[in-house]
Protein chains: 2
Amino acid sequence: MRKESGIISLLKERANCKTCNLSNLCLPVGISEGDVDKLDSIVHRNTPYHRGDLLYKQGDRFRGLYVVKSGSVKSYYEDREGLEHVVGFFLPGEIIGLEAIHSGCYNCTATVLETTSVCEVPFEQLEQLTEEIPGLQHQLLRLLSKEVHNDCGMVALLGNNSAEQRVAAFLVSLSSRHHSRGLSSREFNLSMSRAEIASYLGLAVETVSRTFSRFQEKNLLMVERKNIQLLDINALSDIGGQCSTELHQRSGRRHA
Amino acid sequence: MRKESGIISLLKERANCKTCNLSNLCLPVGISEGDVDKLDSIVHRNTPYHRGDLLYKQGDRFRGLYVVKSGSVKSYYEDREGLEHVVGFFLPGEIIGLEAIHSGCYNCTATVLETTSVCEVPFEQLEQLTEEIPGLQHQLLRLLSKEVHNDCGMVALLGNNSAEQRVAAFLVSLSSRHHSRGLSSREFNLSMSRAEIASYLGLAVETVSRTFSRFQEKNLLMVERKNIQLLDINALSDIGGQCSTELHQRSGRRHA
DNA sequence: CGTAGTGTTGAGTTTATTCAATGTCGGTGG
DNA sequence: CCACCGACATTGAATAAACTCAACACTACG
């Protein structure tokens, strides 16, 4: 078996594969196996991080992107009072640091939620590679665009107000993101704390907790600490509104 | 005077210029005047749109990006009940449609708020030009990244909860965006209705209205229908929190 | 001049928050 | 091995914030 490469995930955009099969991933986007080697050569494979470790801090100079190989990451920024505001969670296959290309320094802090391994992709070198690898540029643009798309969805969601809608949409999003990595969409781990969920969704911790309980009473899910099972994804999807489906699923329509 | 070009705005990222002076705009980003002509040649200059006209509809095939030359645009999506959720406003110099690169079709509807002129930039041709124009690719990536950055800010803001914070941050954002185009940061036009602001900020119309009134009582601003004057931008900026400054201003620090 | 669209203001209700208490898990040290 | 501690999670009760409903005001426009 070949070394698994984080950059592959970067380019493939959640193809359905558990282990990184190169030809599966790159051919469909027009990148040959030879080119994959070039990509691989610029990627740093960091040793695993542990809960609380930082990938980068708010204000650090932009070095490159990070691709989650396993585990999960949150990104947040601190306001003047030192309060933390979570702006995103990243699961395997997802890319961190895209917002820093523009200003040349990271404007969030990225920290690891559990034992996590990531690849570091130096951005300058990646940009240079676009000259050698046809199709790479297009993939990068698509990647960025997708992030914009997801964020739009988040804005719409947070404008949706009700706590139930937000929590439901959040869960459906996690579910579909797990699914797109070939993992179970029904049962997974909440690597983030209730407080982190609350911060992300703009709710109080207690509200998140109560909403979980209410969903559980309605038999929509079963949750115990970090472990969660979605019993009725359709119902949750309905509660969450279009956001939860539209926005975090690639091409798929509604779960019918 | 030379024909004004929307694509210039696209590349320059809000340099401080009222009229589009080509050399000002492009040289700093490493694009020569000759290359500007190439860019100009692919841009469609549409006749002005009027309030309510659509640039594109949710679901339309992605053709290209739109750059606002004058006027303003909102983008929103309709949920299953047909309710409108505003996800963004676009002022002169800003680019619309970035979220559609990924999926190949627009997932929001973009509509014009007042008499507005825009440029249409066919995306395929723009991508091809990156081969001829060095630096163009980098600018495109930065552009997308900036959008991600702004959206992150919006997510953080909407997680910030309080109506006052949201409205204040919104106004400061508009202010600084006007400022960066060389227009007054103190007094400008709210081309969007209260309902549109409310939808964008996830508030009720009445709450927006009341918040305006409260700010006015505190002498932070003067608002009458569409016309607004910010009397104390610092104070508003403080209320809005880091988001309002951090997130919508380029390199500048707080208004000191 | 009257009407429709939009914005403001008030009163009551709903929702989510805050504050406080209690419960649960996981680790550490006696 | 068990008791204890701290971090995290849940639940309840009181409070505060924003929402809904409803009335009214202003402007634009025919």
Side-chain angles (χ1 to χ4, degrees), chain A residues 50-52 72 74 81 83-86 111 113-115 157-171 189-218 220-229 239 241, chain B residues 50-52 74 81 83-86 111 113-115 157-171 189-218 221-229 239 241:
Chain A
H50 300 98
R51 170 152 188 105
S72 52
K74 77 169 170 183
E81 288 89 42
L83 293 174
E84 194 176 301
H85 297 265
V86 176
T111 184
L113 293 169
E114 60 192 318
T115 301
L157 173 64
L158 294 176
N160 245 354
N161 267 354
S162 114
E164 291 209 349
Q165 288 175 324
R166 297 187 196 190
V167 173
F170 173 69
L171 292 175
N189 239 47
L190 295 170
S191 55
M192 64 296 284
S193 70
R194 302 291 190 271
E196 286 159 342
I197 298 172
S199 168
Y200 183 54
L201 297 179
L203 299 170
V205 190
E206 295 93 329
T207 306
V208 172
S209 191
R210 271 185 257 269
T211 308
F212 277 171
S213 303
R214 218 171 312 141
F215 284 163
Q216 187 151 344
E217 279 168 29
K218 292 183 192 168
L220 301 180
L221 52 80
M222 301 248 294
V223 62
E224 196 184 322
R225 298 297 249 183
K226 301 266 171 234
N227 184 275
I228 191 163
Q229 284 181 52
I239 295 171
Chain B
H50 300 99
R51 170 153 188 105
K74 76 167 171 186
E81 287 88 41
L83 293 174
E84 193 176 302
H85 297 265
V86 175
T111 183
L113 293 170
E114 60 192 317
T115 302
L157 173 65
L158 294 176
N160 244 353
N161 269 354
S162 113
E164 291 209 349
Q165 287 176 322
R166 296 186 197 191
V167 173
F170 173 69
L171 293 176
N189 239 49
L190 295 170
S191 54
M192 63 297 284
S193 71
R194 300 292 190 270
E196 286 160 340
I197 297 172
S199 169
Y200 182 54
L201 297 178
L203 299 170
V205 191
E206 295 92 332
T207 306
V208 172
S209 190
R210 271 186 257 269
T211 307
F212 276 171
S213 303
R214 219 171 313 139
F215 284 163
Q216 187 151 346
E217 279 168 28
K218 293 184 190 168
L221 53 78
M222 301 249 295
V223 62
E224 195 184 323
R225 295 298 218 157
K226 301 265 173 233
N227 183 275
I228 190 165
Q229 285 180 50
I239 294 170

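In the text below, chain A, chain B and the rest are named by the order of the sequence lines, each starting its count at 1.
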Nearest-nucleotide 5' precedence on DNA chain C, B:T207 against B:R51: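 Its nucleotide being nearer the 5' end, the pick is B:R51.
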Does any N or O donor sit under 3.5 Å from an N or O acceptor when you compare the side chain of B:R210 with the base of C:dG7?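 Looking at the base of C:dG7, it does not pair with any donor or acceptor on the side chain of B:R210 (distance under 3.5 Å).
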Under 4.0 Å between a side-chain N/O of [X] and OP1 or OP2 of [N], yes or no?
{"X": "B:R225", "N": "C:dT6", "value": "no"}
{"X": "A:R194", "N": "D:dT10", "value": "yes"}
{"X": "A:K226", "N": "D:dA9", "value": "yes"}
{"X": "B:S193", "N": "C:dG5", "value": "no"}
{"X": "A:S213", "N": "D:dT11", "value": "yes"}

Which of these nucleotides, D:dT10, C:dT9, D:dA18, is closest to any side-chain atom of B:S209?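 The answer is C:dT9, which lies nearest to the side chain.
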Tell me the interatomic distance from [X], atom [atom1], to [N], atom [atom2], rounded to whole angstroms.
{"X": "A:L113", "N": "D:dA7", "atom1": "CG", "atom2": "C1'", "answer": "16 Å"}
{"X": "B:E196", "N": "C:dG7", "atom1": "CD", "atom2": "C1'", "answer": "13 Å"}
{"X": "B:F212", "N": "D:dC26", "atom1": "CZ", "atom2": "C1'", "answer": "17 Å"}
{"X": "B:I228", "N": "C:dT8", "atom1": "CD1", "atom2": "C1'", "answer": "15 Å"}
{"X": "A:E206", "N": "D:dA14", "atom1": "CD", "atom2": "P", "answer": "16 Å"}
{"X": "A:Q165", "N": "C:dT15", "atom1": "CD", "atom2": "P", "answer": "12 Å"}
{"X": "B:M222", "N": "C:dT8", "atom1": "CE", "atom2": "P", "answer": "14 Å"}
{"X": "B:L203", "N": "C:dA16", "atom1": "CG", "atom2": "C1'", "answer": "14 Å"}

Does any N or O in the side chain of [X] come within less than 3.5 Å of the main-chain N or O of [Y], such that one atom is a donor and the other an acceptor?
{"X": "A:R194", "Y": "A:A204", "answer": "no"}
{"X": "B:Q165", "Y": "B:L157", "answer": "no"}
{"X": "A:S209", "Y": "A:V205", "answer": "no"}

Mapping B:E224 and B:R214 onto DNA chain D by nearest heavy atom, which one lands closer to the 5' end?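 Closer to the 5' end of DNA chain D: B:R214.
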Establish, from distance only, whether the side-chain atoms of A:S72 and A:E114 form a donor-acceptor pair under 3.5 Å.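 A pair is found: one side chain offers a donor N or O, the other an acceptor, under 3.5 Å apart.
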Under a 4.0 Å N-O cut-off, is there an ion pair linking B:K226 with B:E196?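 Salt bridge flag = no for B:E196 with B:K226.
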